[in-house]
Amino acid sequence: MNTIFRLVGKGILVLLPIILLLWLLSFIFGFIKYFVEIIFNTTANSMSATISILVATLFLLIYAGYLFEKNKEFLLIKVSEFIIGKIPGIATIYAVLKDIIKMFSGKGGEGYLGVAYVDLAGHSVIGFITKEEDDFYWIFVPTTPNPTSGILLKVKKDKIQKADMSVSEGLKKVISLGIK
């Protein structure tokens, strides 16, 4: 039973950017559909169709989690990302959603060289070292609680203090407003 829950969890993480994109498109479609239904007064609710979709979705999540556990880059994700990447506007939204999911799942730390404290106006703020360049570090200082925006600083190496925490711990601190 734990294996099923683990696979469902991994399947959700793998498919979450696609699911969020589909949810966003579904929301827009539902908004338009609502007005069409008001105009034409049509409804098509079916309990058996709802249960069938729920069961099919559960099997899809288990299968996606299983494939992801065996092979991190499986064909379903590659094909869907290729197709979504060709749709103008939608590709950008998908890329942002994917990066956010990676960040929150702890998988987005590969691009960072570490966590550091930077002095801004006499106060230490947490930042993520993104690149080392001669005597300088490029440091991304995120906003809290939404770490997808912030400022990028070029700071001399001797002006920062490296933190003794992982990137995921640093992100957790930023997202939790410093509580965790």
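One is the number of the first residue; the rest follow in order along the sequence. Computed from a prediction, not measured in an experiment: that's the story for all the values here.
By the 4.5 Å heavy-atom criterion applied to side chains, I126 and M165 are counted as neighbours. For the pair T130 and L152, the minimum side-chain heavy-atom distance is below 4.5 Å. By the 4.5 Å heavy-atom criterion applied to side chains, K162 and I129 are counted as neighbours. Within the 4.5 Å cutoff, no side-chain heavy atoms of L153 are placed close to those of I160. Within the 4.5 Å cutoff, the side chain of E133 has heavy atoms near those of the W138 side chain. Between I151 and T143, the closest side-chain pair of non-hydrogen atoms is not below 4.5 Å.
Contact record, G127 with P142: CA-CD, 4.4 Å, taken as the closest heavy-atom pair. Here the shortest heavy-atom pairing between Y117 and A163 reads CE1-CB, 3.5 Å. For the residue pair S166 and V115, the shortest heavy atom distance occurs at O-CG2, 3.5 Å.
Under the 4.5 Å side-chain contact rule for hydrophobic residues, F140 and F136 do not share a cluster.
Within 6.0 Å of the NZ atom in K159, the count of heavy atoms belonging to other residues, nucleotides or ligands does not exceed 12. The local environment of NZ in K154 is crowded, with over 12 non-hydrogen atoms from other residues, nucleotides or ligands closer than 6.0 Å. More than 12 heavy atoms of other residues, nucleotides or ligands sit less than 6.0 Å from atom CG of D158.
Separation of atoms OH (Y63) and CG (L60) is listed at 9.5 Å; rounding is to 0.5 Å. Atom CD1 in I84 sits 6.5 Å away from atom CG in L22 (nearest 0.5 Å).
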Going through the distances and angles, do T3 and I62 end up as a side chain to side chain contact (heavy atoms under 4.5 Å, CB included)? CA-CA 10 Å; T3 303; I62 290 172; over 6 Å; no
